[in-house]
Q: 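Sending over a structure as structure tokens; questions will come in a sec.
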Amino acid sequence: MMGYFVRRLLYAIPILLGVNVLTFALFFLVNTPDDMARMQLGERRLTPAAIEQWKVDHGYHRPVFWNAAQTGVTQLTDTLFFDSSTRLFRFDFGKSDAGRDINADIAERMGPSLVIAVPVLLVGLACALTWSLAIAWLAGTRLDFWSGVLCVAMMSISGLFYIIGGQWLLAKLWHLAPISGYADGLASLRFILLPVVVSVLASLGGSVRWYRALFLEELGKDYVRMARAKGLSDARVMFGHVFRNALIPILTGVVVLIPSLFLGALITEAFFAIPGLGSYTIEALQAQDFAVVRAMVFLGSLLYVAGLMLTDLSYLIADPRVRLE
Amino acid sequence: MPIPLLLLSDLAAWLLFGVALAYAFTASRREHLRAPWRRVRQQPVAMVAAVILLAHVGITLLDSLHFAPQAANGTEAEPEPLSVLDFVLTPLRTGVETSYSAPFALLGFDRESVLQADGRVVREYPRLRYGGAHLRDPAQRGADILQRGALGAAAGALAGLLLLRLLWPAQCRPWRRRNDDPAGRAAALTLLVLCVLAGLGGALATRYHVFGTDKVGMDVLYQSIKSVRTGLLIGTLTTLVTLPFALVLGVAAGYYRGLVDDLVQYLYTTLASIPGVLLVAASALLLDGLMTRHEDAFSSLIVRADLRLLALCVILGITSWTGLCRLLRAEALKLRESDFVRAAEALGVRGPRILWRHLLPNVMHIVIIATVLDFSGLVLAEAALTYINIGVDPGMESWGNMINAARMELARQPAVWWSLSAAMLWMFVLVLAANLFADAVREAFDPRTREATPSARPAGT
């Protein structure tokens, strides 16, 4: 098993390299350092000397792939691509184009992001599982039909509507929570209530429908009939057999959700003014700060690869038949 | 004489329509392609959704026929291109107020300084220039709305009945007592309801702002209708962009295995590992930069917005083909072991030909399912992306832009709710129809559900 994970780790390296090459190409070849300097400096202070100075200050003055001025290996290493790539792999993200230290920013903003994302994932999973198990047990009844209708309707509503509607209803009309904002420590509880409720609601319909289908598929199998024939209670059948067997695809789905949680958090955080990584990225995008965006892309893909490995690990725990070779 | 004008996205829209027609023609002549569609045809919910979707397609196509109107005498500026839909909706398009007004309002939403006849200046709610301008006495409004609405609805119903009489096969017209085609009847009733709604809207919208007006006084109903094209194009064009990548790479990887498989797998894992929004955002930013640097290459704002829309579809497509590719690869892996592929190989058929003749037709059901399933998600994604400024051009009518512009106005006292509600409601109807239709299509095309449905119910309940 150790060997398996070592192999997976090694396999992650080319993927991260590929991501790096791709983002590098996107950001540097299409949008050259000269363009960046022009954008950051603005029209007024625009002189060739100022552009050169800006590039030197931000380390963009070196050649992109091949430094002909150097000799030996340094021809490859003393370049923009090599330097920025190795720095990313060392988790040294350097300074943003606006001059702030990216590492410090990320460390500071990771907390609020996690405070939102973790409850969303856990509460959402708990709600969806409870609802879908109950509905799978009641399959074929009128309740099941109307729950299906409700789920499709919930899926069809734009996520923006949940956010805006939630802010309007819960915060403005009922005064249950502040409209937006964030505070550290225990005080944050008040502020995370609304974003968590809204995010859970927004994804509930789709996941309930999907989980219900998974449970029903298991319920139709022979071993369930066998279990019922033995005289097991419904609860034992549902929790002991159906639930455990349906867990594998559910786990895959949950880990697949991790990068898209990142996506959801992007918009949620911006709407609720939460100083997390999502709003950080949006601010960077709007300020056209490519150093930050590159760092976030790298972190995002790293998380995704880590998520894939975690899925495998969770299979091991959930299903005793799985052996990782 | 107006000169026809072909925008790139018009071309894409008509091309897409042509492809759909060609597919329908091919499918109608082959029994095995027709069978699943017949199953879709038998479901009332799917047919209701299909009629609603087709109505939206109609709006999109009307909105994709542009022409350059002739400049009015004395004006220097070249007029923006108009579409046939714009022409049809001229009263809505040109009835521009100064600022917000509520649905069916006669007065503006904000007080303005009005010069009285005797020279005094009074702060009061100004009478709208177009909304209900035909009324002498504001008290007549209720009666007028009722009268116009009833007339419009009656006209719509009449037109709908005529349409049904002309188009519908006799045995599934809704008024027949003995009706053994509930799906056809449901579709007919939906068409009737749509016609009544159109009649109602047509009668009222010429005199009132049915959904109110926005900040610059544009009619919200007009904006919502114009947004249909944006949403629909993003939902369909994006999938069209993903198909070549997903099909070619997925099927080839599954069939050839070995090095090709490794490369394709590497490619899609790498792409999938980048958070989608960031990739889209980065590409959109670069596009923005590129467009500002070549500002003079665009003859008009609409051409620029149009190009941006297409680019957004391409970007979304390139970043989202990985899921479908993975599915197709898995299916091709299964198919390559099947007897007919083995037989073809034994007979000496070459690889590319096997891919084209034997594998491609057998994975098409996955493609159709994926296309209809993705549609609703993409329509919703447009709104979210536009909110963070990486969606469509701010000058283009889209539900995302409408929501974005109206979002802050909820905080006002009293709230400006109509723009937001109109966009949300319309989006909800379209996405709901798309979801319901997608469900029916998936059920009809997926070989697993086809056989598994009867036994999927638990024995005890």
Side-chain angles (χ1 to χ4, degrees), chain A residues 14-19 22-23 26-27 30-31 35 39 136-141 152-153 155-161 164-165 167-168 172 179 213 216-217 219-220 224-225 228 234 237 259-260 262-263 266-267 270-271 281-282 285-286 288 290 293-294 296-297 300-305 308, chain B residues 266-267 269-279 281-290 293 376-377 379-380 383-385 387-390 399-400 403-404 406-407 410-411 415 417 420 423-424 427-436 439 448-449 452 454-461:
Chain A
I15 290 179
L16 289 177
L17 263 178
V19 169
L22 197 74
T23 46
L26 264 180
F27 289 141
V30 187
N31 202 54
D35 295 327
M39 201 146 13
W137 184 55
L138 295 169
T141 62
V152 178
M155 278 166 66
S156 307
I157 297 173
S158 159
L160 295 176
F161 180 78
I164 297 171
Q167 280 182 332
W168 193 66
K172 192 157 174 265
I179 288 185
L216 282 187
E217 200 182 321
L219 271 171
V224 174
R225 191 172 302 158
R228 285 188 204 276
D234 270 358
V237 172
S260 67
F262 200 68
L263 176 151
L266 223 59
I267 291 165
F271 258 99
T281 316
I282 290 204
L285 281 171
Q286 276 161 359
Q288 311 231 340
F290 290 113
V293 180
R294 279 192 69 201
M296 295 311 294
V297 168
S301 37
L302 199 72
L303 285 175
Y304 178 82
V305 174
L308 287 183
Chain B
Y266 171 71
L267 199 63
T269 317
T270 306
L271 261 181
S273 78
I274 302 177
V277 211
L278 287 187
L279 204 53
S283 321
L285 268 188
L286 294 173
L287 187 78
D288 256 6
L290 222 63
R293 257 173 275 150
S376 50
V379 173
L380 293 178
L385 289 178
Y387 168 70
I388 44 178
N389 281 338
I390 53 176
W399 290 310
I403 293 171
N404 206 359
R407 190 170 65 85
L410 266 189
W417 48 269
L420 203 69
M424 292 287 189
M427 215 152 80
F428 175 68
V429 170
L430 176 63
V431 172
L432 186 64
N435 273 336
L436 292 174
D439 264 1
R448 257 190 333 172
T449 55
S455 61
R457 299 271 173 276
T461 48

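Chain A is the first sequence line, chain B the second, and so forth, proteins listed ahead of strands; every chain is numbered from 1.
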Q: Using non-hydrogen atoms only, which part of B:Ile403 is less than 4.5 Å away from chain A: side chain, backbone, both, or neither?
A: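 Just the side chain, heavy atoms under 4.5 Å.
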Q: First locate atom CG of B:Leu380, then atom OG of A:Ser156, and finally report the distance between them rounded to the nearest 0.5 Å.
A: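 Nearest 0.5 Å value for the CG-OG distance: 7.5 Å.
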Q: Using heavy-atom distances under 4.5 Å, tell me whether A:Ile282 contacts chain B through its side chain, its backbone, both, or neither.
A: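 Just its side chain gets close to chain B.
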Q: Is A:Ala153 in contact with chain B via its backbone, its side chain, both, or neither, using a 4.5 Å heavy-atom distance?
A: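 Both backbone and side chain of A:Ala153 come within 4.5 Å of chain B.
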Q: Most heavy-atom pairs under 4.5 angstrom with chain B, which of A:Trp168, A:Phe161, A:Phe271?
A: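 Counting heavy-atom pairs under 4.5 Å, the top option is A:Phe271.
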Q: Is A:Leu22 in contact with chain B via its backbone, its side chain, both, or neither, using a 4.5 Å heavy-atom distance?
A: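 A:Leu22 touches chain B through side-chain heavy atoms alone.
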Q: Could you look at A:Val19 and say if it's the side chain, the backbone, both or neither that has a heavy atom under 4.5 Å from chain B?
A: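 For A:Val19, backbone and side chain are both near chain B.
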Q: Using 0.5 Å steps for rounding, measure from the CE atom of B:Met424 to the CG atom of A:Leu160.
A: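 Interatomic distance, B:Met424 CE to A:Leu160 CG, rounded to 0.5 Å: 5.5 Å.
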Q: Return the option, out of A:Ala270, A:Gly159, A:Pro14, with the maximum number of heavy-atom pairs under 4.5 Å with chain B.
A: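 Option with the greatest count: A:Pro14.
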Q: Can you tell me which portion of B:Leu420 sits under 4.5 Å from chain A's heavy atoms? Options are side chain, backbone, both or neither.
A: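 Side chain only.
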Q: Do B:Val431 and A:Met155 come close enough that some side-chain heavy atom pair is under 4.5 Å?
A: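 Heavy-atom side-chain distance check fails, nothing below 4.5 Å.
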Q: Restricting to non-hydrogen atoms, name the atom on B:Tyr266 and the atom on A:Gly18 that form the minimum distance, rounded to 0.1 Å.
A: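 Closest approach of B:Tyr266 to A:Gly18, heavy atoms only: OH-CA, 3.3 Å.
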Q: So, applying side-chain contact (heavy atoms from CB on, under 4.5 Å) with A:Ile15, which one of B:Ile274, B:Leu271, B:Thr270 is it?
A: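 For A:Ile15, the side-chain contact (heavy atoms from CB on, under 4.5 Å) test succeeds with only one of B:Ile274, B:Leu271, B:Thr270, which is B:Thr270.
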